[in-house]
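Data block below; observations after.
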Amino acid sequence: MNRDIQFDDAGKLRHFLTVDGMSRETLTGILDTAESFVTVGEREIKKVPLLRGKTVVNLFFEPSTRTRTTFEIAGKRLSADVINLNAARMSVTKGESILDTVRTLEAMHTDLFVVRDSASGAAHLIAKHLPPHVRVINAGDGRHAHPTQAMLDMFTIRRVKGKIEGLKVAIIGDLLHSRVARSQIHALKTLGAAEIRAVGPRTLIPTEIETLGVAATSDMEKGLRGVDVVMMLRLQRERMDGQLVPSEREYFNRYGLTEEKLRHAAPDATVMHPGPINRGLEISSGVADGPRSVILEQVTNGIAVRMSIMATIMGGSEERI
Amino acid sequence: MSDLQITGGRLIDPANGVDEVTDLFLSGGAVAGVGKKPKNFSAAQCIDAAGMLVLPGVIDLCARLQPGEAHASGAGATIAGETRAAAAGGITRLLCPPDTAPVADTPAVARMIQDRAAAGGGARVHPLGALTVGLRGERLADMALLMDAGCAGVGNAQTAVGNTLVMRRAMQYAATYNLPVFVRACDPWLQGNGVAHEGEISTRFGLPAIPEAAETAGVARDLALIETSGARAHFDLISTARAVEMIAEARERGLAVSAGVAVHQLHFNEGDIGAFDPRYKVFPPLRTENDRRALLRGLEENAIGAICSDHQPHDADAKLAPFVEAAPGISGLDTLLSMTLELAERGELRLATAVAALTSGPAAVIGMDAGHLARGAPADVCVFDPAREWTLDENAMQSSGKNSPWLGRKLRGRAAATIIGGEIAHLDGAPVTER
């Protein structure tokens, strides 16, 4: 395996590309720092000067509202100059290269790139080809990873449950195409979750998911039985072409999270979803808006967690808040 | 053509069961004798091969000579240049798949490739003709005319013929002229937009996957067609244990099938991709360690007869993209011989098997009297210095494509002289005396 480019020679975190391979201390450190940032959002003046004078470019080659907005707010609350670029990207074969775009922006003295792209590995590629002082945060690359989403999920679980260690978690839906699920699995494993179950029809579960330390089941009731946390995944409607799942109706019948199905989980089970939600497809409105749901808290927590990640890799420490 | 003598080397000629220190005599573009100097032989040049291996010239059944169209900047590989790179790697003869630009589906293109290759002064080049027009898998190409124009066989390159009926007729038609059909066994729908083996790595890194079943289904379909069409078929790049098994079984039943493997499949497995290293992106994809071992066994047990480079020289920008979009393929002319013999050095393959898979094995696939060194055989010879240590850096690499996973690595053993048609086409370290 290649050397992990997320760390510099001294072992310090310099990019945040994937949770895979990070230590428990690193992840816990990020979550602890995020706690201290929560209050910043509650102040009248919602700013700290940690990244003052730094330029952050949100480079989104794939559309996003929620993730891009929370990164923008996070950067601004750290006093960075934040620029949003929603770049359309032609495939490389048509003569335009993702690296050309990045190098152009780097020449304008960007300090941190927050990158989203539809190709797995895009953030790694960019990090590998930038000079060492430029930092990269992966805001989602293809099916590979969405590490800041996973961290805000961990943060939310920790706030609700008090800990992650020992919890039983079910991840439900389209794991095959999900970068969120892959990052959640690594984060949950590293932070000591007792059991992770992947639940969905076989067309949506990667064939060798067990190699990630996950137990797969296609039985929703079995998958939910006794779990402390239910993590729903978004099922993209464009995948509903009849080849992966026959119909929305049948999918909702088997895997849509309803109050009735939720009864199989632990009585105090928490329901999460990375958004945006497809009501009536993967989750019923009753559950999404119900007392177990922390979907909106996830969004709020996303800001503090992303501030923490930005501050950590840019060398800021919590004492300077 | 003057006489050439190669003395004191360890001659390994698996087709004729030879492995001994002896002298080789070349005259008139052919082997004139082994061991004993023939009558009327008067060497104008003598190569001192003491401490070296003297092998039949390497025959590479799959080498592209141009960069992929999408990335051609005009500065990259040329047919002439790549034939010289091949000679520098000990390769004396190579087959070029038909996915050239333009596609080798007409006699004119087939001749043009050979003309350009001849101008290069390196390895001999035989084009493979297209099986279907434009490789589109719809209409049969002019196979007989392609054969007349010098094509050593026909195939559809990396594009599997999706329509089974078209494939059946193409095989029947090729069989009419006893033309070898090169088959890339792969179910195109199962391959889809996949870029890596469906397994641990594709799962972990979220890469669109190609299941083993893509190859299994492809081999099964094409074996069924071979059986009923009477075609001679060569599965040119197999990657799975299942394919080895099925082909071995078919050969036992007496079917005229053979199989080949790219040398990188014998060195790497899916794990080498690591965190998106595009140098390891190849089609078929790197499979599991179990598959790699089965391919090696398949060579020993004669289910697989040929090791090829699957050479694909790219310009630098072709790999500067996310793994999914990076151009597939490895530049392999420089390393085919060294890396194959390294497998023998490491004990993963017997030396005789390794040499046969580069010489007599591929010659048998195309039914050519080549790849061995008996009297009368073509005077295509490689003198290999097994002790030579060198680093594969961009300067040492003779191919214009520098896209090799071995770039920067120290290698042991290199072609010290390559003789094609009795002439020294490449010389790098073998002492030559002129008489």
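Note on naming: letters A, B, ... go to the chains in the order of the sequence lines (proteins, then strands), and numbering restarts at 1 for each one.
In the displayed structure, B:Lys402 atom NZ is contacted under 6.0 Å by more than 12 heavy atoms of other residues, nucleotides or ligands. Heavy-atom neighbours of B:Arg346 CZ from other residues, nucleotides or ligands within 6.0 Å: above the threshold of 12.
Taking the side-chain hydrogen bond (donor to acceptor under 3.5 Å, both in side chains) definition, one finds that A:Asn84 meets it with A:Asn58, A:Glu72, sequence neighbours left out.
Contacts between residues 170-178 of chain A and chain B, counted as heavy-atom pairs separated by less than 4.5 Å, involve no residue at all. The contact list for residues 18-27 of chain A toward chain B, using heavy atoms and a distance under 4.5 Å, reads A:Asp20 by residue number.
For the residue pair A:Arg143 and B:Gly206, the shortest heavy atom distance occurs at CB-O, 3.3 Å.
With rounding to the nearest 0.5 Å, the separation of CZ in B:Phe205 from NE2 in A:His124 is 7.0 Å. From A:Thr207, atom OG1 reaches atom CD of B:Glu212 across 10.5 Å, with rounding to the nearest 0.5 Å.
B:Pro322 places a side-chain heavy atom less than 4.5 Å from the side chain of A:Ile98. Side-chain atoms of B:Phe276 and A:Ser120, non-hydrogen and from C-beta on, do get closer than 4.5 Å to each other. Using a 4.5 Å cut-off on side-chain heavy atoms (C-beta onward), A:His129 and B:Leu320 make contact. Counting heavy atoms from C-beta outward, B:Arg204 and A:Glu208 have side chains that stay 4.5 Å or more apart.
Annotation: salt bridge (Lys or Arg N to Asp or Glu O under 4.0 Å) contacts involving residues 189-198 of chain A, sequence neighbours excluded, comprise A:Glu195-A:Arg197.
Heavy atoms of A:Arg182 lying under 4.5 Å from chain B belong exclusively to its side chain. Neither the backbone nor the side chain of B:Pro211 comes within less than 4.5 Å of any heavy atom of chain A.
Options A:Ala145, A:Gly121, A:Pro206 differ in how many heavy-atom pairs under 4.5 Å they form with chain B, and the most are formed by A:Gly121.
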